[in-house]
Amino acid sequence: MRRLDVSENLPLSSSGFHILLALAHGELHGYAIAKDVEDATEGSIVLGPATLYRTIKQFLADGWIAEVDGDDERRRVYKLTPRGRRIAQAEAQRLESVVRMARERRLLPALG
């Protein structure tokens, strides 16, 4: 059984975190993941095929995502696993604390 503690996997790369964020919406194939990331970041992150599929391969091996049976056998469809969700949540919490520190140090405006 893998440990519930996921802190050893942090911080995630920006591209890796965005892939997990895309899959938090639901099952997607590779191109749809890349498109979701590009749309969500307004084009500031564009995942090329090498980065996308290298990261997917690693996340599959690590058990963070899983392949699901799709309708089209030419496209592989992926989903977030419970461990992958915990890792994405931990990274989001880590980033939230960084933003809080930036606000405290007046690098970002205070909230309402």
Side-chain angles (χ1 to χ4, degrees):
M1 173 105 181
R2 292 184 176 167
R3 292 179 22 197
L4 290 177
D5 179 30
V6 295
S7 61
E8 69 218 21
N9 299 293
L10 303 180
L12 296 180
S13 68
S14 182
S15 59
F17 184 51
H18 281 282
I19 289 170
L20 295 180
L21 283 174
L23 291 171
H25 283 297
E27 299 173 358
L28 295 171
H29 57 80
Y31 177 77
I33 293 169
K35 184 75 172 124
D36 184 274
V37 170
E38 186 173 350
D39 291 348
T41 63
E42 298 177 341
S44 67
I45 297 177
V46 177
L47 298 174
T51 299
L52 175 66
Y53 289 104
R54 181 180 59 246
T55 305
I56 285 174
K57 182 178 177 182
Q58 186 61 54
F59 286 179
L60 285 166
D62 292 341
W64 298 5
I65 65 173
E67 197 171 326
V68 296
D69 292 330
D71 296 336
D72 184 350
E73 48 188 66
R74 294 172 296 165
R75 287 187 173 171
R76 293 182 178 176
V77 178
Y78 306 98
K79 69 175 183 176
L80 201 55
T81 64
R83 180 166 177 76
R85 183 169 295 281
R86 285 192 306 273
I87 289 167
Q89 288 169 333
E91 179 68 355
Q93 290 169 345
R94 186 190 72 79
L95 292 171
E96 183 178 49
S97 70
V98 170
V99 169
R100 186 178 17 219
M101 187 184 330
R103 288 190 194 290
E104 289 169 359
R105 296 178 185 189
R106 299 177 189 209
L107 293 174
L108 291 171
L111 293 177

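Taking both residues in full, the closest heavy atoms of G84 and L20 are given as O-CD1, 4.1 Å, listed atom of the first, atom of the second, then distance. The minimum heavy-atom distance between T55 and G16, with the atom names listed, is CG2-CA, 4.1 Å. Nearest heavy atoms, R86 versus V6: O-CG2, 3.9 Å. Residue S7 comes nearest to D5 through the heavy atom pair OG-OD1, 3.0 Å, listed as atom of the first residue, atom of the second, then distance. Closest of all the heavy-atom pairs between L52 and G30 is CD2-O, 3.3 Å. Here the shortest heavy-atom pairing between L60 and E67 reads CD2-N, 3.7 Å.
In this structure, L21 is not a member of the same hydrophobic cluster as V46, with clusters built from ILVMFWY side-chain heavy atoms closer than 4.5 Å. Placement of L12 and L95 within a single hydrophobic cluster is found when ILVMFWY residues are connected by side-chain heavy-atom separations under 4.5 Å, directly or transitively. V68 and L23 sit in two unconnected hydrophobic clusters of ILVMFWY residues. Membership requires side-chain heavy atoms under 4.5 Å apart, directly or through other members. I45 and Y53 end up in the same hydrophobic cluster when Ile, Leu, Val, Met, Phe, Trp and Tyr side chains are linked at under 4.5 Å.
Ionic pairing of K35 and E38 is not present here: no N-O contact between side-chain nitrogen and carboxylate oxygen is shorter than 4.0 angstrom.
From I65, atom CD1 reaches atom CD of Q58 across 10.0 Å, with rounding to the nearest 0.5 Å. Between the CD atom in E27 and the OH atom in Y78 there is a gap of 12.5 Å [rounded to 0.5 Å].
Looking at L80, N9, I19 one by one, the single match for side chain to side chain contact (heavy atoms under 4.5 Å, CB included) with W64 turns out to be N9.
The closest donor-acceptor contact from the side chain of S44 to the backbone of T41 lies under 3.5 Å. In this structure, the side chain of T81 engages the main chain of G63 through a donor-acceptor pair within 3.5 Å. A donor-acceptor contact shorter than 3.5 Å is absent between the side chain of T51 and the backbone of L47.
Residue-environment remark: CG (D39) exceeds the threshold of 12 foreign heavy atoms within 6.0 Å.
Looking at heavy atoms from C-beta onward, I33 lies in side-chain contact with I56 at the 4.5 angstrom threshold.
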- request: Output, in order, the C-alpha distance, side-chain angles, deciding distance and verdict of side chain to side chain contact (heavy atoms under 4.5 Å, CB included) for I87 and E91.
  value: CA-CA 6 Å; I87 289 167; E91 179 68 355; 5.6 Å; no
